[in-house]
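Reckoned from all heavy atoms, side chains included, excluding hydrogens, waters and symmetry mates. Throughout, numbering of the chain's residues begins at 1 and tracks the sequence.
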Amino acid sequence: MLLLIQSNSMSIQFTSRPSLIAYVTCGDPDLATTRDIVLAAVDAGVSVIELGVPFSDPLADGPVIQRASQRALQHAISTEQILSFAKDIRRQSDVGLILFTYLNPLLRMGLARFAAAAQDAGLDGALVTDLPVEEADMYLQEMRQRNLATVFLAAPTSTDDRLKQIARASSGFVYAVSRTGVTGARKELTDDAMKLVGRLRKRTKLPIAVGFGISTPQQFAAVGEFAEAAVVGSAIVEIIERNPGKEAASVAKFIGQLLAPSS
């Protein structure tokens with residue numbers, strides 16, 4: 001039976017459990033290839049795409065996404081270009097679209113200008129990875145005026161009080177970080193993720209997505225036992241890195257493996 005959980009943003013729909021949220025670094029290896037990858041991922045069954053804004057100092061990311069950011073920045077990819085790119089994707093698909101970014105590019109653009117441009121592009125919302133919920137008032141005001149989802153990260157080390165603040169500030173879904181540290185594929189999924197989701201359930205009715213370290217069909221399926229969605233990032237970015245010239249097809253094949261029913 002299909003489980004339909006819909007957020008405040010019309011395009012964020014988790015129609016299976018777990019649904020797949022796929023991260024890509026925009027402009028790696030170039031924007032034309034990113035477009036092909038995104039559309040192939042959508043055709044393969046992804047529910048939400050996180051469009052990563054390349055950043056010069058991605059402290060929350062491991063070496064795979066750091067390298068992707070460096071490659072993209074060689075093309076001088078800007079936030080404005082990515083917003084235009086998102087608009088192009090939206091014309092072709094109703095997939096959930098979230099901008100995944102650090103705060104600095106938004107401050108450079110201006111929060112009000114960014115929110116207006118994000119709405120115009122057809123984005124569903126954003127996740128600002130280094131914006132503490134305690135300092136997010138201006139950001140929340142601008143995003144809410146535009147009916148844009150504000151996705152926040154919750155970590156296993158978050159206190160109960162902080163989880164309450166995150167739940168209150170979040171819309172669309174809550175991103176539960178499966179473990180402490182930077183992004184990157186891992187061989188095992190820790191118990192921390194399940195415990196964190198359990199704590200969040202007491203504080204929000206929003207869908208919960210688990211990310212950081214998910215790279216195998218077994219890990220992906222395991223997340224479905226306790227969360228609505230799983231985020232896969234580094235594993236996809238690494239496939240892009242390892243398959244020059246056939247990035248889109250390789251990503252689509254991997255997504256098919258993740259989403260294939262287990263026997």
Side-chain angles (χ1 to χ4, degrees), residues 1-7 9-52 64-65 68 72 82 85-100 122-125 127 151 172-173 175 183-185 189 207 209-225 227-263:
M1 182 178 71
L2 289 182
L3 176 68
L4 178 59
I5 297 180
Q6 192 165 330
S7 76
S9 300
M10 289 301 292
S11 295
I12 300 178
Q13 298 182 7
F14 299 134
T15 55
S16 58
R17 185 159 179 160
S19 292
L20 176 58
I21 301 174
Y23 169 93
V24 295
T25 300
C26 292
D28 174 38
D30 54 66
L31 270 180
T33 304
T34 303
R35 176 182 175 276
D36 293 340
I37 293 165
V38 168
L39 294 177
V42 172
D43 287 343
V46 164
S47 297
V48 175
I49 299 285
E50 289 181 344
L51 298 174
V64 171
I65 293 179
I82 294 171
F85 173 83
K87 193 170 187 176
D88 180 44
I89 296 297
R90 177 55 74 222
R91 291 191 192 103
Q92 301 173 70
S93 174
D94 60 358
V95 71
L97 284 178
I98 295 289
L99 199 74
F100 189 104
L123 281 168
D124 294 296
L127 192 164
V151 181
F173 60 93
Y175 190 132
T183 59
L189 194 65
V210 173
F212 279 43
I214 297 167
S215 61
T216 69
Q218 293 77 20
Q219 291 170 340
F220 179 76
V223 169
E225 297 296 322
E228 284 76 30
V231 186
V232 180
S234 294
I236 288 174
V237 174
E238 189 168 20
I239 286 169
I240 292 167
E241 182 179 46
R242 291 183 173 182
N243 292 276
K246 50 182 180 179
E247 296 93 346
S250 300
V251 168
K253 180 181 178 182
F254 174 64
I255 289 170
Q257 293 168 346
L258 289 178
L259 295 175
S262 56
S263 55

query = Short question: side chain of R17, backbone of A227 - any donor-acceptor pair under 3.5 Å?
reply = yes
key: Heavy-atom donor-acceptor pair, R90 side chain to V95 backbone, under 3.5 Å   = yes
request  = In sequence, state the C-alpha distance, the side-chain angles, and the governing distance for I214 and L258, and then conclude on side-chain contact (heavy atoms from CB on, under 4.5 Å).
outcome  = CA-CA 10 Å; I214 297 167; L258 289 178; 5.8 Å; no
task = Examine distances only and state if a side-chain atom of S250 and a backbone atom of K246 form a donor-acceptor pair shorter than 3.5 Å.
result = yes
key: Nearest-0.5 Å distance that lies between atom CZ in F220 and atom CG in L20   = 5.0 Å
request  = Keeping the roles fixed (side chain from S47, backbone from F14), state whether a donor-acceptor pair exists under 3.5 Å.
outcome  = no
Set of residues satisfying side chain to side chain donor-acceptor pair (under 3.5 Å) with respect to D30, sequence neighbours excluded = T33
query = Considering residues at least two apart in sequence or located in another chain, which fulfil the side chain to side chain donor-acceptor pair (under 3.5 Å) criterion with Q92?
reply = R35, D88
request  = Taking the side chain as every heavy atom from C-beta outward, state whether C26 and L31 have any atom pair closer than 4.5 Å.
outcome  = yes
message = Quick one: does any side-chain atom of E247 pair with a main-chain N or O of G245 as donor and acceptor, under 3.5 Å?
response = yes
note = Nearest heavy-atom approach of A72 to T25 is CB-CG2, 4.3 Å
ask   = Rounded to the nearest 0.5 Å, what separation is found between the CG atom of D28 and the OG1 atom of T34?
value = 6.5 Å
task = Assess whether side-chain contact (heavy atoms from CB on, under 4.5 Å) is satisfied between I21 and Y175, documenting all intermediate values.
result = CA-CA 11 Å; I21 301 174; Y175 190 132; over 6 Å; no
request  = Could you please spell out the steps behind the side-chain contact (heavy atoms from CB on, under 4.5 Å) verdict for F173 and V151?
outcome  = CA-CA 6 Å; F173 60 93; V151 181; 3.6 Å; yes
request  = Would you mind reporting whether L99 and I82 have side-chain heavy atoms less than 4.5 Å apart?
outcome  = yes
message = Check whether D124 reaches the backbone of I98 with its side chain - one donor and one acceptor, N or O, closer than 3.5 Å.
response = no
task = Using the side-chain contact (heavy atoms from CB on, under 4.5 Å) rule, take L51 and V38 through it: C-alpha gap first, then chi angles, then the decisive distance, then the call.
result = CA-CA 9 Å; L51 298 174; V38 168; 4.2 Å; yes
